Amino acid sequence: MRDITYTAALREALFEEMEIDESVFLIGEDIADFGGVFGVTKNLLQKFGRKRVCQTPISEGAIIGAAVGAAMTGLRPVAELMYVDFILFAMDQTVNQAAKLRYMSGGTVKVPVVIRAQQGCGTCEAAQHSQQLEAWFMHTPGLKVVIPSNPYDAKGLLKTAIRDDNPVIFLEHRMLYSARQQVPDDTWTIPFGRAEIKKSGKDITVVATSLCVHKALEVAKDNHFDIEVIDPRTLVPLDIDTIAESVVKTGRLLVVHESIAQCGVGAEIIRLITEQYFKAFKTAPKVLGGAYVPMPFAKVLEENAVPQKRDIIETINNMMKE
Amino acid sequence: MRDITYTAALREALFEEMEIDESVFLIGEDIADFGGVFGVTKNLLQKFGRKRVCQTPISEGAIIGAAVGAAMTGLRPVAELMYVDFILFAMDQTVNQAAKLRYMSGGTVKVPVVIRAQQGCGTCEAAQHSQQLEAWFMHTPGLKVVIPSNPYDAKGLLKTAIRDDNPVIFLEHRMLYSARQQVPDDTWTIPFGRAEIKKSGKDITVVATSLCVHKALEVAKDNHFDIEVIDPRTLVPLDIDTIAESVVKTGRLLVVHESIAQCGVGAEIIRLITEQYFKAFKTAPKVLGGAYVPMPFAKVLEENAVPQKRDIIETINNMMKE
Amino acid sequence: MIPIEKKIDILRIMYLIREFEIASRNIFKAHLAKGEFLGALHNCDGQEAVAASIGAILRKDDYVFTTFRGHGHSIAKGAEPKKMMAELLGKKTGYSKGRGGSMHMFDPSIGLMGGNGVVGGGLTLAVGAALSAQYRCSDQVSVCFFGDGAAAIGAFHEAINLASLWKLPVIFLCENNLWAATTPIKFGCPIENISERAKGYNCVGKSIDGNDVYTVYETFLSAVDRGRNGNGPSLIECKTYRHHPHCMVIPEHRPKDEKQMWLQRDPIPKFEKVLQNENILSNHQQEKIRNEIKKIIAEAIKFAEDSPLPTVDTLYDYIWA
Amino acid sequence: MIPIEKKIDILRIMYLIREFEIASRNIFKAHLAKGEFLGALHNCDGQEAVAASIGAILRKDDYVFTTFRGHGHSIAKGAEPKKMMAELLGKKTGYSKGRGGSMHMFDPSIGLMGGNGVVGGGLTLAVGAALSAQYRCSDQVSVCFFGDGAAAIGAFHEAINLASLWKLPVIFLCENNLWAATTPIKFGCPIENISERAKGYNCVGKSIDGNDVYTVYETFLSAVDRGRNGNGPSLIECKTYRHHPHCMVIPEHRPKDEKQMWLQRDPIPKFEKVLQNENILSNHQQEKIRNEIKKIIAEAIKFAEDSPLPTVDTLYDYIWA
Ligand SMILES: Cc1ncc(C[n+]2csc(CCOP(=O)(O)OP(=O)(O)O)c2C)c(N)n1
Ligand SMILES: Cc1ncc(C[n+]2csc(CCOP(=O)(O)OP(=O)(O)O)c2C)c(N)n1
Ligand SMILES: [Mg+2]
Ligand SMILES: [Mg+2]
């Protein structure tokens, strides 16, 4: 075993897949000489050269479009968006094109592209640098959506994403880049669609994503209730069975994520479980999501715009009371 | 009373507001001489001239951006997008800019822009012309979302939208343009945030939007269950109280819309009602939404990708059995 | 310069495109009369010289990204009329198995990378295909068709900028038919020749008569050479005209005399005359080809009509690879 | 040509910008040392000649759309350093009441239409403000600042095309500081002068020395006249350089000699020398202004530090008008 960061884990995944498969290449802003603003692609230029580490102008539409076109014609591009907010300049390419090309072509076209994007909050970068858009992508048929919460998952899932023959949106949280974890010495992949029970418990099921997995785990650690914490890891495909099984056991469901609650991932999970496992509930399921507000700048406001440990504790206490 | 189409209702709203307020103007593709591909702006050029009916190049980003910039500086633009699918080229302007400018500026900037967009399916135009994106906009703090289902609502809500000081996404369904209705001779407005009970009933609450309101009403008309049909009319703000009251009465909730079910409007309504009125449910609430598939071309597939009357009937029957 | 057989081929393809468009309109009208709407139909009659000339130069493995008005480009790239016709009717045997319709026909095996319902939607994708060709050290080129209207979309700028920076083998082929839906070119573009924009990207630009086969052929040939030889993209603007309104549901609104003038420049009789003057084409031969084409179209219609619709249980097929 | 007081004003504003930037860096560093991250800070030291010259020409009611690197433009447009400083600290008294931070300072009452965190995010908005001016028959102009990096974004194309078509009073002001974050201009733009693109839109384009006050002033003045007189937009490229890395968290990576060369072209000593040669500026006067500026900055810092943070109960304020 060895200790690596989330950033290093991602870099290892890129490195290994680029070594194995010549058709894998990187495309994005500031990714070559500098190694990416968050350092994920550091040294990959030195190893693989400019042909495979393509540093672009600031043209998000062309970055994603070029990646999609390359994917349609035999390559396996991994595009990097510095902040997911900037995908708003590339939504046609992502949603009208990447997501739909295979279906519209009756299965004759294949689009094995990975779009890595950094998202999250916690660094006071305000409304145009703090969106978390996984719910939109879940709402878009044809996109797989991956949202790893730790180094092990990040590496294993990114390798799987690169090997997947479909467009994958791969969402990294910027407060996780420095997260460390013990991982095996040799390499691994993680299949899509397998949630992980990060801590088992019998009183309440907490489904959390990305950074919130850690908040939920901390709450679970020294709580007087026996909390089960599940990380779906991939939202499309979503391992609803693991969540359902847990809810059947605990009778209580709380979903926690930083992205906006309205029409969000939590709402979707509640819909799925409620429709099929309604009788399992001992109490009303609940979502703790981002506040309905463009992300404010000031720390004191930013902190209060996303669920914190105290909110999770309070909500669990209330739910256990009912 | 008189009989008008949805198209005429929208045109009346534009006409009246343009007459009352010099700062209202129209901007979009093919809207001047031709009067818009769906005819909504017909004859407005003749009445108001090119200054107020601005026909643009095919530049969705610039259309929305220019409208937002004009709104920031004293005008009240009404932008038209021929198909909501094309807003994917204007997402930065809509979501990063329009939705956030007021908040980011601490309330010093005002963005009274209306973005009218046509959406829907039923005309075999396939995946890039059939998206229905209201859920995304609900997920975006700072945007109001209006989705009228008949001529009376279309006119009254569009007038309110134009007078609103915030960005409003106004979503018209293309199969509704020819819908007719008896309306008053004089004019009217409809406040945002007031759902309408289109038919009252005591057995089950059906919340439906846009074209699905009509399907739900037809089902309700000759059904042996006493169905209550609610049309929220505006999704932001959402009149959750009217829905909740109904569910408290009926104990059953079905949401029907054409847009994708995953992370959709129905999921959100279920989340809200479940969190607060869980005990009211006699049976599991349910969403009938668009199939998880890019919209297919062939009629036989397209029809089966969105809820039809038979689906509503079947679902209600199942829910009433439980 | 152009081999004789190639010239005849080009004419043949022009006929085929024209007949396909006529037939597709008839089919759509017939269905409409029965109350069946088959979606949007954007025909390209009048613009055949561009598609056919280009088709005659491209290799099978070159890429073509077309638009919602893509029947001509598809036929010129080698698409089979019967699978196209079947797709128009939403049949299981169509190019996209009924998922795509008129705007979305794909056949990667002949380099046909599909139509696009989004104006300018193919611009950046074509750049990606060219990047892929460069990456694989193949000498394929990637051709992106777009209209005068599409030249106003931001993706145009991003695509040509990236292609020029990376010297990618893309040919940006703008068919300037003077109108974007109901909007005249002067409402969309403040300069005379769209190709002038090429300079702003250190890219080669040419504006030419798009109804003249030889001109299109020569210009395109040098652009393809440029691409294959690693000398980067080209922006070619072909001035042309569509003979019919924007799509089936939009009535004619263009000035009568403008249309009349362009009908007189119809590329098909124009090219026939050229070939007759060169003594390459006899009346008899012309008749023979036309008859062959008619037969192909008739067979395509029959194939399409006889083909089964997709079944509802296949709704979810082809979302994932 | 430029009145003497105006010249001194320009220098004053250049000093003010420089001192503001120095102070903001110090504050950020001090907070960082305490483990408090104040978001991204993009300073503009080195680019003051552009902002100050332009500010000296614009009227209060003209519009300015700036970027994430917008302190200089804001100060030049008349923003108060104390409210800016307060916003940097996320205080309730800041321009955006703590919602915006460094990248998002707005004051419509002085025509400051805000910074933008999105590269190129302001381009189309500025066109809208110009449209509004034209619509209201005011003779305001709308200035959009953007970087060399932003010139690659599709919105650039859509914005300038629309502005040219409609002859809108926009000045597209590109500060080409040779780098976009860590990317050199040659990776982003295949031509020497970005302003050459203006021709492709029938728009006036000029590339100039952005570190020379008089050049910027004259060029900008004629662009403003053009706009006010209804003669449409201009694209002005000012070649300049930032003295510091892209933002606080990115280390310096630019070639030493390039930086050294540009430091020698620092617009402030350069303009001081001009004024001294013109006998407009004495050492004493210079000292006096510098001291005034230092005082303004010190007061701004005190104001900012003394101001209260927004309270949590106001989180949802200012979403809706
Ligand atoms: C992004 C986008 N905006 C608008 C439309 C609607 N639309 C379809 S075709 C068309 C006109 C296109 O004109 P042009 O590019 O000149 O192509 P042509 O129809 O002349 O072949 C428009 C506006 C669209 N499909 N996509
Ligand atoms: C659309 C978008 N893409 C990427 C970024 C990240 N980013 C912020 S500033 C910057 C570089 C901008 O360069 P330039 O336009 O030259 O302005 P400068 O920083 O030199 O003032 C980048 C890539 C962004 N904010 N927005
Ligand atoms: Mg055209
Ligand atoms: Mg720069």
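Here is how names work: the chains are called A, B, and so on, in the same order as the sequence lines, proteins then strands, and each is numbered from 1. Note: hydrogens, waters and symmetry copies are ignored here, and every other heavy atom, side chains too, is used. Owing to the predicted nature of the structure, the values given are computational and were not obtained by experimental measurement.
For the pair K159(A) and W188(A), the cation-pi criterion (under 6.0 Å, within 45° of the ring axis) is not fulfilled.
Applying the 6.0 Å contact sphere to CZ of R59(C) captures more than 12 heavy atoms from other residues, nucleotides or ligands. Heavy atoms from other residues, nucleotides or ligands lying under 6.0 Å from NZ of K199(C) number 12 at most.
Ranked by heavy-atom pairs under 4.5 Å with chain A, the list Q134(C), E158(C), K97(C) is led by E158(C). With chain C as the partner, the residue from A70(A), A71(A), G107(A), S105(A) showing the most heavy-atom pairs under 4.5 Å is S105(A). Of the listed residues G117(C), G128(C), G121(C), the one with more heavy-atom pairs under 4.5 angstrom with chain A than any other is G128(C). Between chain A and the residues D317(C), V127(C), V118(C), T124(C), the most heavy-atom pairs under 4.5 angstrom are made by T124(C). Contact tally against chain A (heavy-atom pairs below 4.5 Å) for Y63(C), W320(C), F106(C): the top residue is W320(C). The candidate with the highest count of non-hydrogen atom pairs below 4.5 Å against chain C, out of K51(A), K110(A), Q93(A), is K51(A).
A donor-acceptor contact closer than 3.5 angstrom is absent between the side chains of Y95(C) and H104(C). Of the N and O atoms on the side chains of H246(C) and R69(C), at least one donor lies less than 3.5 Å from an acceptor on the other residue. Side-chain contact of T314(C) with R99(C): a donor-acceptor pair under 3.5 Å is present, judged by distance alone. Between the side chains of N229(C) and D225(C), no donor N or O sits under 3.5 Å from an acceptor N or O. At a cut-off of 3.5 Å, with distance as the only test, no side-chain donor of T56(A) or E29(A) sits close to an acceptor on the other residue. Side-chain atoms of S24(C) and N43(C) include a donor-acceptor pair closer than 3.5 Å. A side-chain donor from one of T187(A) and E16(A) sits under 3.5 Å from a side-chain acceptor of the other.
Proximity to chain A (any heavy atom under 4.5 Å) is shown, for A129(C), by both the backbone and the side chain. Proximity to chain A is limited to the side chain of N116(C), based on heavy atoms less than 4.5 angstrom apart. Using a 4.5 Å cut-off between heavy atoms, K144(A) contacts chain C through both its backbone and its side chain. Residue V236(A) touches chain C through its side chain alone, counting heavy-atom pairs closer than 4.5 Å. For a residue to count as touching a neighbouring chain, one of its non-hydrogen atoms must lie under 4.5 Å from one of that chain's; by this rule L165(C) touches chain A with the side chain only.
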Between H73(C) and E175(C), does a side-chain hydrogen bond (donor to acceptor under 3.5 Å, both in side chains) hold up when you go through it step by step? CA-CA 11 Å; H73(C) 311 141; E175(C) 287 178 282; 2.6 Å; yes
Derivation and outcome, side chain to side chain contact (heavy atoms under 4.5 Å, CB included), residues D33(A) and Q55(A): CA-CA 8 Å; D33(A) 306 79; Q55(A) 180 156 326; 3.9 Å; yes
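Against chain C, the residues from residues 57-69 of chain A that qualify, each with a non-hydrogen atom under 4.5 angstrom away, are P57(A), S59(A), E60(A), G61(A), A62(A), G65(A), A66(A), V68(A), G69(A) in number order. Heavy-atom neighbours of chain C within the stretch residues 73-91 of chain A, taken at a separation under 4.5 angstrom, comprise T73(A), L75(A).
Residue D61(C) comes nearest to K77(C) through the heavy atom pair N-NZ, 4.4 Å, listed as atom of the first residue, atom of the second, then distance.
Under the 4.5 Å side-chain criterion, counting only non-hydrogen atoms from C-beta, L14(A) is in contact with V40(A). In this structure, M104(A) and Y318(C) have side chains that are not in contact, with every pair of non-hydrogen atoms separated by 4.5 Å or more.
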